[in-house]
Amino acid sequence: MLIRPAADLRENDVTDQALYLDRRRFLAGAAAAGTLLGAGRGLRAATSDDTPTPFEAVTTYNNYYEFGTAKEDPAVNAPGRLKTAPWSVAVDGECAKPGTIGLEDLIKPVKVEDRIYRLRCVEGWSMVIPWRGVQLSEVLKRFEPTSKAKFVEFTTLADREQMPGLRIPVLDWPYVEGLRLDEAMHPLTLLATGLYGKDLLAQNGAPLRLVVPWKYGFKSIKSIVRIRFTAAQPVNSWQKYNPREYGFYSNVNPEVDHPRWSQANERRIGEFRRRPTLMFNGYGDQVAGLYAGMDLKANH
Ligand code: MTE
């Protein structure tokens, strides 16, 4: 798996973005430090195959429709417009200890980790991103979800003053996403506050976004202002937009095509040839059990 506890990750693995920008230097440095991605437990093959996507691409090729629908729009429109501090998150619904809590207090009790994950967009492209963040399960526990809580719903800020994209009703704003509670509590699920060892930039969903590496990228909702525990399955924005094309689960699955295109392969940003898409984005050994016995086509 492309996940390493913070203790295994050296400072300069994540703080020197120039190291990542220069692939050869990165590989040489990582090999010397014994920290090649392949050293991670359970990775399918030791590999320069999953070299992190350059910082430049991760921060300029984005989907954040609140700031425009072209890939370059968020990097142009979000910085300077999105006010990311102070920031607080309302946590409510089926839990014993609801409350609105400042970002710092939300994160403080939890260990901050650096984790390198593949990100596969439903559009057929992918990246490898070194995230910084906290395990979502550790954040959620303190609100004490009740036995009625079966799902978790996440909501993005929706402020017309800050987000020019809201003037266009591409989606029914605010952007909403949801997970089953056991998916949210899975150790791979991350609340990211940074990437490449730095705080998140606005275009990547600052100051707090979800990262669910075995699901299509649209599940990884940005700039979260509300987390709600629910008994009923939430309706996520893309499912509301077109239920035939976008499901609730949205697990990466090369065998279930999008109605308008194949999901069998993908273009890794920075590469020319398409590569095969992996079931559950390559995290099946860790997450397949969540879906045992389920029809993955019907529950797409
Ligand atoms: N979250 C919000 N609020 N709005 C969006 O438009 N786009 C999603 C997801 N989260 C989106 C969002 C999609 S389609 C993808 S692929 C990822 O963010 C992209 O994340 P990145 O721009 O950091 O690579």
Side-chain angles (χ1 to χ4, degrees), residues 52-79 81-82 84 87 89 115-133 153-160 162-179 189-196 198-227 234 236-242 245-247 250-252 258 261 263 266-270 277 281:
T53 304
F55 179 84
E56 173 70 15
V58 175
T59 54
T60 57
Y61 186 93
N62 299 105
N63 276 334
Y64 197 168
Y65 278 15
E66 288 86 335
F67 292 97
T69 52
K71 293 287 178 286
E72 62 274 20
D73 287 346
V76 173
N77 295 330
R81 274 211 179 93
L82 181 66
T84 57
W87 192 270
V89 179
R115 298 185 182 185
I116 303 173
Y117 284 156
R118 290 176 286 274
L119 175 88
R120 167 63 156 84
C121 179
V122 74
E123 295 165 338
W125 54 266
S126 63
M127 296 190 187
V128 176
I129 303 180
W131 299 105
R132 172 164 288 184
E153 182 189 83
F154 303 84
T155 307
T156 295
L157 176 77
D159 180 354
R160 288 173 75 101
Q162 300 180 59
M163 300 170 142
L166 295 193
R167 279 180 236 132
I168 307 152
V170 197
L171 292 171
D172 187 8
W173 312 111
Y175 195 101
V176 170
E177 259 308 336
L179 295 174
T189 307
L190 201 67
L191 264 184
T193 55
L195 57 81
Y196 272 99
K198 299 170 185 293
D199 285 348
L200 282 178
L201 296 181
Q203 57 268 41
N204 293 106
L208 187 71
R209 58 97 52 92
L210 189 66
V211 180
V212 197
W214 71 96
K215 293 178 178 281
Y216 291 118
F218 70 84
K219 299 295 287 183
S220 293
I221 182 172
K222 296 180 167 180
S223 308
I224 297 166
V225 291
R226 185 179 183 196
I227 299 177
N236 49 313
S237 293
W238 283 104
Q239 192 186 12
K240 199 168 181 184
Y241 170 80
N242 189 337
E245 296 194 355
Y246 306 100
S250 304
N251 293 316
V252 174
H258 183 277
W261 58 82
Q263 293 292 22
E266 66 199 56
R267 186 173 69 89
R268 179 68 53 82
I269 297 302
T277 286
N281 206 21

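FYI, side chains are in, hydrogens and waters are out, and symmetry mates aren't considered; it's all heavy atoms of this structure. Note that ligands are numbered from 1 as they come in the structure, with each ligand's atoms numbered from 1 the same way.
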Exercise for review: Kindly confirm or rule out an N or O of Asn62 lying under 3.5 angstrom from an N or O of ligand 1.
Suggested key: yes

Revision key, fill the gap. Check: of Tyr175, Tyr64, Tyr65, Phe154, min heavy-atom distance to atom 8 (C) of ligand 1 comes from Tyr175

Study note, to complete from the structure: Quick note on ligand 1: atoms under 4.0 Å from a heavy atom of Leu119 include exactly 24 (O)

Review point. Is any side-chain heavy atom of Tyr196 less than 4.5 Å from a side-chain heavy atom of Ile129?
Key: no

Check your understanding: Are any of the N or O atoms of Gln203 closer than 3.5 Å to those of ligand 1?
Key -> no

Review point. If you count the non-hydrogen atoms of other residues, nucleotides and ligands that lie under 6.0 Å from NZ in Lys240, is the total more than 12?
Key: no

**Study point:** Heavy atom of the protein closest to atom 4 (N) of ligand 1 (residue, atom name, distance)
**Key:** Glu66 OE1, 2.8 Å

Revision key, fill the gap. For atom 17 (C) of ligand 1, the closest protein heavy atom turns out to be Gly217 O, 3.6 Å

Practice item. Take Arg118 and Glu266 through the salt bridge (Lys or Arg N to Asp or Glu O under 4.0 Å) test and state the conclusion after the steps. Key: CA-CA 12 Å; Arg118 290 176 286 274; Glu266 66 199 56; over 6 Å; no

Review point. Got the closest protein heavy atom to atom 7 (N) of ligand 1, with its distance?
Key: Asn63 O, 3.2 Å

Review point. Are Tyr175 and Trp238 close enough that some pair of their side-chain heavy atoms sits under 4.5 Å apart?
Key: yes

Exercise for review: Taking the side chain as every heavy atom from C-beta outward, state whether Thr193 and Asp199 have any pair of such atoms under 4.5 Å apart.
Suggested key: no

Check your understanding: Is there a side-chain contact between Tyr246 and His258, using heavy atoms and a 4.5 Å cut-off?
Key -> yes

Point to revise | For atom 10 (N) of ligand 1, the protein heavy atom that lies nearest, with its residue and separation | key: Ser220 O, 2.9 Å

Practice item. Using a 4.0 Å heavy-atom cut-off, say whether Thr156 meets ligand 1 through its side chain, its backbone, both or neither. Key: side chain

Practice item. Could you tell me whether the side chain of Arg115 reaches within less than 4.5 Å of the side chain of Val211, counting heavy atoms only? Key: no

Check your understanding: Are any side-chain N or O atoms of Arg209 and backbone N or O atoms of Ser220, one a donor and one an acceptor, separated by less than 3.5 Å?
Key -> yes

Review point. Mind checking whether Phe218 and Tyr216 have parallel, tilted or perpendicular rings, split at 30° and 60°?
Key: parallel

Practice item. Could you list the atoms of ligand 1 found under 4.0 angstrom from a heavy atom of Cys121? Key: 16 (S)

Exercise for review: Tell me, please: is Arg209 in heavy-atom contact with ligand 1, that is, under 4.0 Å?
Suggested key: yes

Check your understanding: Within the structure, does Trp131 bring an N/O atom to less than 3.5 angstrom of an N/O atom in ligand 1?
Key -> no

Check your understanding: Tell me, which protein residue and heavy-atom name are nearest atom 1 (N) of ligand 1, and how many Å apart are they?
Key -> Lys222 N, 3.2 Å

Check your understanding: Are Gly205 and ligand 1 in contact, using a heavy-atom cut-off of under 4.0 Å?
Key -> no

Exercise for review: Quick one: sort the Tyr64 and Phe67 rings into parallel, tilted or perpendicular, breaks at 30° and 60°.
Suggested key: perpendicular

Review point. With backbone taken as N, CA, C and O and side chain as the heavy atoms from C-beta onward, which portion of Val58 lies under 4.0 Å from ligand 1: side chain, backbone, both, or neither?
Key: neither

